[in-house]
Amino acid sequence: MSDFSAGSIGQQLSTIRRHLHEHPELSHEEFETTASIVAWLTEAGIRIVDYGLKTGVIAEVGGLHGGPVIAVRADIDALPIQEETGLSFASKVPGKMHACGHDFHTAAILGTAFLLKEREQELQGTVRFLFQPAEEKAKGAIQLIKSGALNGVQAVFGMHNKPDLPIGTIGIKSGPIMAAADGFIVEVEGRGSHAAVPEAGLDPIVTAAHIITALQSIVSRNVSALDSAVISVTRLHAGTAWNIIPEKAVFDGTLRTFDEEVRLKVRTRLEQVVNGVASAFNTKAQVSWIEGPPAVVNSGRWAEQAALTAEALGYEVVEPSPSPAGEDFAFYLKETEGVFVFLGTAGPQEWHHPAFDLDEGALPVAASFFTALAIDALSKLSEESLRGGRQHSEII
Ligand code: NI
């Protein structure tokens with residue numbers, strides 16, 4: 001590594017992160033955030049590339065001598081949560097908060113862009129920065145892919161802050177690191193009656209209760225001990241009064257899986273259980289799915305490269321447990337190879353908590369890590385293209 005010192009931009013990145021933290025914007029509404037990112041990039045002389053996005057920014061550094069294209073992604077949206085941190089730079093917008101640390105991601109990846117801009121001459125290709133909107137709704141990654149922002153990209157890199165890992169520690173693993181996150185809504189249709197005369201109706205509440213109980217057997221009886229899945233029913237609604245059996249009961253929940261085969265199997269079983277139990281009670285039921293992102297599945301070779309890069313910088317690399325949360329970075333990894341890492345931020349609370357915070361000491365760690373990873377990745381891809389493509393053994 002040559003002369004750059006990521007630590008020297010820690011203060012600048014902290015100022016950026018705090019500005020973003022004070023002005024959170026929800027998914028698809030990141031207009032001021034977008035304008036601020038454009039202003040910071042422009043001030044650093046970094047080129048913005050127009051992909052026709054309403055919110056979100058695509059920028060590029062390098063490519064002066066041709067070469068491969070890689071992408072580094074930061075998500076920029078906040079959550080509908082009332083902040084309770086008491087920080088001096090707490091959210092100025094009631095009911096909205098950067099409670100998932102996307103302000104941190106944005107600042108750290110801006111820092112990466114600044115550091116790479118200083119070394120633009122030596123880059124063996126192009127680094128495309130994806131400042132992605134609407135991650136919390138799992139919509140932004142698809143939007144960016146549709147806009148063409150991933151065209152030509154040979155490897156994509158991203159991160160999530162991780163409150164339970166210390167500063168200077170990076171969680172890297174090959175294979176699944178975050179879950180496929182699907183939602184479901186079940187409507188049970190019976191026949192209403194007087195509560196005192198249940199035989200005149202078809203009780204959707206009793207049916208729903210049996211279905212919900214039976215759903216819990218799917219994970220324990222249909223999923224192998226070596227795989228994993230979660231089914232949680234999170235909302236249940238039926239009825240209007242204590243003396244009326246209603247016509248309908250509706251409940252919904254979520255399904256989390258790490259493997260596509262398990263995901264499909266559980267979804268099929270869920271529909272079978274719903275329809276089977278409903279039919280046993282002479283009611284009708286219907287399942288609607290809320291399609292979430294698939295699991296985030298890292299490529300082995302980029303996970304290996306990320307670990308080598310992190311270790312060369314003196315950071316500690318750990319193999320993290322996969323998170324059952326969902327992350328729309330998964331859609332990029334369906335398009336191209338890459339790696340998504342967990343960056344230690346030593347926070348007091350988990351994601352989406354009203355007192356969520358992080359240690360800003362992680363900002364220069366993240367910026368220097370992604371800077372070095374981009375440089376290493378471009379040089380790896382350039383070497384491979386000089387050798388005439390990847391080795392046969394790597395391809396299969
Ligand atoms: Ni997040």
Side-chain angles (χ1 to χ4, degrees), residues 16-17 20-21 23-30 33-34 37 55-57 72-83 85 91 93 96-110 112 129-144 156-165 170-173 176-183 254 256 258 292-298 320-333 338-360 362-363 365-366 369-370:
I16 288 176
R17 183 244 160 178
L20 294 168
H21 196 85
H23 304 96
E25 294 176 298
L26 302 184
S27 304
H28 302 297
E29 297 170 5
E30 309 95 334
T33 306
T34 295
I37 295 168
T55 56
V57 184
V72 181
R73 175 270 213 167
D75 41 10
I76 66 172
D77 54 332
L79 286 160
I81 291 177
Q82 179 64 42
E83 180 157 352
T85 59
S91 169
V93 189
K96 297 180 189 175
M97 177 192 176
H98 269 293
C100 202
H102 297 186
D103 51 342
F104 169 85
H105 301 162
T106 305
I109 299 308
L110 279 165
T112 306
F129 293 94
L130 315 175
F131 292 96
Q132 181 211 300
E135 192 285 324
E136 295 295 355
K137 294 210 164 147
K139 298 281 187 224
I142 291 173
Q143 262 177 22
L144 257 61
V156 61
F157 304 111
M159 69 159 151
H160 210 289
N161 66 81
K162 201 74 170 67
D164 61 351
L165 293 179
I170 306 181
I172 302 174
K173 80 179 281 295
I177 188 164
M178 293 190 75
D182 295 310
T254 188
R256 303 295 163 111
F258 292 96
V296 175
V297 183
N298 287 331
S321 306
S323 163
E327 170 46 88
D328 78 353
F329 191 85
F331 290 116
Y332 299 126
L333 292 177
V339 67
F340 188 81
V341 306
F342 287 151
L343 209 119
T345 45
Q349 304 290 348
E350 266 305 325
W351 306 326
H352 298 206
H353 191 282
F356 176 89
D357 191 20
L358 44 82
D359 186 330
E360 290 180 345
L363 281 167
V365 174
F369 168 70
F370 281 102

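Both counts, for ligands and for their atoms, begin at 1 and track the order of listing.
Closest to the Ni ion (ligand 1) among the N, O or S atoms of His102 is NE2. The Ni ion (ligand 1) is closest to atom NE2 of His160 (considering only N, O or S atoms).
Nearest heavy-atom pair, Cys100 versus Asn161, reported as atom, atom and distance to 0.1 Å: O-ND2, 2.8 Å.
Backbone or side-chain N, O or S atoms of His352 do not reach the Ni ion (ligand 1) at under 2.8 Å. Within the coordination shell of the Ni ion (ligand 1), defined by N, O or S atoms under 2.8 Å, His105 is absent.
A side chain to side chain donor-acceptor pair (under 3.5 Å) with Thr33 is found for exactly one of His23, His102, Glu25, namely Glu25.
In this structure, Phe131 and Phe129 have parallel ring planes: the angle between them is below the 30° cut-off, well short of the 60° mark.
Within the 3.5 Å criterion, the main-chain N or O of Gly56 finds no donor-acceptor partner in the side chain of Glu30.
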